[in-house]
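So that the names make sense, note that chain A is the first sequence line, chain B the second, and so on, each numbered from 1. Computed from heavy atoms alone, side chains included, the values below leave out hydrogens, waters and symmetry copies.
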Amino acid sequence: MSWRKLPVSLTELCLDTTLRCGQSFRWRKSEDNIWSCALHGRILSLRQDSTQLHYQAVFPDTCNAPPTPPSSVPSSEYQVEEDDTEDLVRHYLNLGPSLVELYEQWSSADLNFKKKAPKFTGVRNLKQDAWEALIGFICSSNNNIIRISQMMDKLCKQYGPCIGHMDSRPFHDMPKPSDLAHPSVEAHLRQLGFGYRAKYIYQTAVMIANEHEPGWLDSLRNPESPVRGCKIASAGPMRPEGREGYRTAHAELLALQGVGPKVADCVCLMGLGWGEAVPVDTHVWQIAQRDYKFGKGKHRSLTQATYDAIGNHFRGLWGQEAGWAHSVLFTADLRVFSERLTAAVEVLEVKKEEEKDDSHIEAHIDAHEDVKSEIKLEVEDKKRRLAAEEVTQTPVSKRRRKVLSSI
DNA sequence: CGCGGACCTTAATA
DNA sequence: ATATTAAGGTCCG
């Protein structure tokens with residue numbers, strides 16, 4: 001029940017960015033900045049300060065302790081089970097690589113990355129369960145992060161096991177493929193507001209539960225990035241189009257209903273450990289046109305050839321973890337973080353403290369004068385939207401609106 | 001191989 | 001107030 005901790009700086013991991021940037025869709029944040037999610041049979045909770053990541057696992061039903069092992073299980077084996085939360089955290093958050101070093105590497109190779117990344121440090125590429133990633137990203141087509149999250153919540157509440165409660169709210173884990181392979185599922189999901197994705201989810205569940213061998217999905221994983229344990233085998237040499245295992249996994253996934261090139265790449269990148277997978281969605285297509293000279297001549301529209309060319313270009317630029325670098329730029333392009341580009345985030349943070357005077361706010365803003373001028377056009381472009389957002393969304397203090405309009 | 005339309009829902013935008 | 005658009009696309013002809 002007690003919290004444990006790992007030393008992690010905010011530049012190595014920023015939970016608030018990583019857990020909101022559209023990689024995963026099941027984390028919930030409570031009042032006091034605690035993120036929680038039902039994962040591997042427990043409710044995992046995370047929070048962080050400037051120097052440490054705090055984590056806690058609450059297991060169901062047994063006084064907040066891990067399940068009692070059957071007496072037949074040797075205690076030595078059980079010890080591993082009991083203490084695997086740290087491993088789970090390290091693995092899920094992909095804490096192995098030095099993110100500062102990776103950012104340096106990507107920045108030295110790419111001026112655009114160097115320009116955009118400083119406002120979006122600590123974006124980690126989560127190593128999620130492949131099945132969860134598959135369903136999550138099938139839901140993502142023509143959709144937004146809020147609704148995707150709501151859909152995943154409904155799916156788990158309807159079909160997944162309840163792991164426990166926090167703040168008087170139930171936490172359900174992901175249902176298994178066989179739980180969704182019943183013919184009634186499609187109509188039910190449609191009734192729950194999944195739209196045309198209901199059929200995709202049902203058909204994909206049938207494929208994985210009934211058509212493929214058990215373990216098929218995980219067999220597509222990067223052997224250098226196994227679910228548990230350490231590296232089993234080499235993933236082979238890097239090529240412009242990615243390693244062989246990645247290409248195979250991508251091609252296999254395409255056979256599933258509701259899985260096109262973009263969703264397949266998301267599953268490869270965030271569920272199967274293929275760091276070179278580069279999902280090209282509307283955001284990345286915009287980025288490729290705006291910052292990397294795509295959108296003309298041969299690559300006027302986002303055809304399959306253009307899609308592949310963009311991935312190849314980014315792999316050539318950023319290397320084996322190109323998909324991770326892509327996630328950083330994708331995050332920088334997300335609407336929910338757009339205010340970060342306007343320095344309004346400083347105002348937000350100051351506002352939370354409630355008792356600061358305007359001189360403080362001005363100081364915060366002035367500190368980013370250089371950034372502001374550099375992206376002045378973008379600020380102009382988004383300022384109007386932001387201001388409108390403030391008026392229509394939540395009641396905002398006059399002070400904040402005033403500051404915004406003065407940027 | 002590339003194009004255009006349909007496809008579910010919802011909330012912001014015009 | 002009501003129509004249109006956009007939200008991490010895919011499928012089909």
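- Residue-level contact check: A/Q23 touches the bases, meaning some heavy atom is under 4.0 Å from a base atom.
- Here the nucleotide nearest the side chain of A/R335, chosen from C/dG8, C/dG9, B/dA12, is B/dA12.
- Atom CD1 in A/I145 sits roughly 17 Å away from atom P in C/dA6 (whole-Å rounding).
- A salt bridge links A/R243 to A/E276: at least one charged side-chain nitrogen sits closer than 4.0 Å to a carboxylate oxygen.
- Taking atom C1' on both C/dA6 and B/dC7, the two are 15 Å apart, rounded to the nearest angstrom.
- A/C21 comes within contact range of at least one nucleobase, with a heavy-atom separation under 4.0 Å.
- When the side-chain nitrogen and oxygen atoms of A/T282 are compared with OP1 and OP2 of C/dG9, one or more of them lie within a distance under 4.0 Å.
- The separation between A/L134 atom CG and C/dG8 atom C1' is 15 Å, rounded to whole Å.
- Nucleotides B/dA6 and C/dT4 place their P atoms 14 Å apart, quoted to the nearest Å.
- Taking atom CG of A/D281 as the reference point, atom P of C/dA7 lies 10 Å away to the nearest angstrom.
- Under 4.0 Å is where a charged nitrogen must lie from a carboxylate oxygen, and between A/D110 and A/K114 no such pair does.
- Distance, A/D333 CG to C/dA6 P: 15 Å, rounded to whole Å.
- Less than 6.0 angstrom separates the ring centroid of A/F25 from the ring centroid of A/F137.
- Following rounding to the nearest Å, A/F25 (CZ) and C/dG8 (C1') show an atom-to-atom distance of 7 Å.
- A salt bridge links A/D291 and A/K116; the closest N-O separation between the charged side-chain nitrogens and carboxylate oxygens is under 4.0 Å.
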- Query: Going through the checks in order, is the side chain to side chain donor-acceptor pair (under 3.5 Å) test met by A/S45 and A/S36?
  - Reply: CA-CA 4 Å; A/S45 294; A/S36 297; 2.8 Å; yes

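- Residues satisfying the side chain to side chain contact (heavy atoms under 4.5 Å, CB included) test with A/S141, not counting sequence neighbours, are A/Y196, A/R197.
- With sequence neighbours excluded, no residue forms a salt bridge (Lys or Arg N to Asp or Glu O under 4.0 Å) with A/D49.
- Taking the charged nitrogens against the carboxylate oxygens, A/D218 and A/R221 do have a contact shorter than 4.0 Å, which makes a salt bridge.
- A cation-pi arrangement is found for A/R47 relative to A/W3, the charged atom lying closer than 6.0 Å to the ring centre and inside a 45° cone about the ring normal.
- Nucleotides B/dT13 and C/dG8, compared at atom P, are 13 Å apart to the nearest Å.
- Side-chain rings of A/H40 and A/Y92 stay apart, their centers remaining 6.0 Å or farther from each other.
- In summary, A/R239 and A/E244 do not engage in a salt bridge, as defined by a charged side-chain N under 4.0 Å from a carboxylate O.
- Residues from residues 243-277 of chain A with heavy atoms under 4.0 angstrom of DNA chain B: there are none.
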- Query: When Watson-Crick pairs (N1 to N3 and N6-O4 or O6-N4) and G-U wobble pairs (N1-O2 and O6-N3) count only below 3.5 Å on both distances, what is the dot-bracket string of DNA chain C, with | for other-strand pairs?
  - Reply: .||||||.|||||

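- Under the 4.0 Å criterion applied to side-chain N and carboxylate O atoms, A/D333 and A/R290 are assigned as salt-bridge partners.
- Rounded to whole Å, the P atom of B/dC8 lies 15 Å from the corresponding atom of C/dG13.
- Contact check of residues 299-314 of chain A against DNA chain C (heavy atom, cut-off under 4.0 Å) returns no residues at all.
- One atom, NZ of A/K298, and another, C1' of B/dG2, lie 12 Å apart when rounded to the nearest Å.
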Please write out the pairs of protein N or O atoms and N or O atoms of nucleotides 4-10 of chain B separated by less than 3.5 Å, giving the distance to one decimal.
{"from": "B/dC8", "atom 1": "OP1", "to": "A/R190", "atom 2": "NH2", "distance (Å)": "2.5"}
{"from": "B/dC8", "atom 1": "O5'", "to": "A/R190", "atom 2": "NH1", "distance (Å)": "3.1"}
{"from": "B/dC8", "atom 1": "O5'", "to": "A/R190", "atom 2": "NH2", "distance (Å)": "3.1"}
{"from": "B/dC8", "atom 1": "O4'", "to": "A/Y196", "atom 2": "N", "distance (Å)": "3.2"}
{"from": "B/dC8", "atom 1": "O2", "to": "A/R147", "atom 2": "NH2", "distance (Å)": "3.0"}
{"from": "B/dC8", "atom 1": "O2", "to": "A/R197", "atom 2": "NH1", "distance (Å)": "2.6"}
{"from": "B/dC8", "atom 1": "N3", "to": "A/R197", "atom 2": "NH2", "distance (Å)": "3.0"}
{"from": "B/dT9", "atom 1": "O4'", "to": "A/R147", "atom 2": "NH1", "distance (Å)": "2.9"}
{"from": "B/dT9", "atom 1": "O4'", "to": "A/R147", "atom 2": "NH2", "distance (Å)": "3.3"}
{"from": "B/dT9", "atom 1": "O2", "to": "A/R147", "atom 2": "NH2", "distance (Å)": "3.3"}

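- Judged by distance alone, the side chain of A/S178 and the main-chain N or O of A/A209 form no donor-acceptor pair under 3.5 Å.
- For the C1' atoms, the distance linking C/dA7 with B/dC3 amounts to 22 Å, nearest Å.
- To the nearest angstrom, P of C/dA7 lies 10 Å from CZ of A/F330.
- Using a cut-off of 4.0 Å between Lys/Arg side-chain N and Asp/Glu carboxylate O, A/E241 and A/R315 are scored as not salt-bridged.
- Of the candidates A/W285, A/Y292, A/F294, A/H299 forms a ring-ring contact (aromatic ring centres under 6.0 Å, His included) with just one, namely A/F294.
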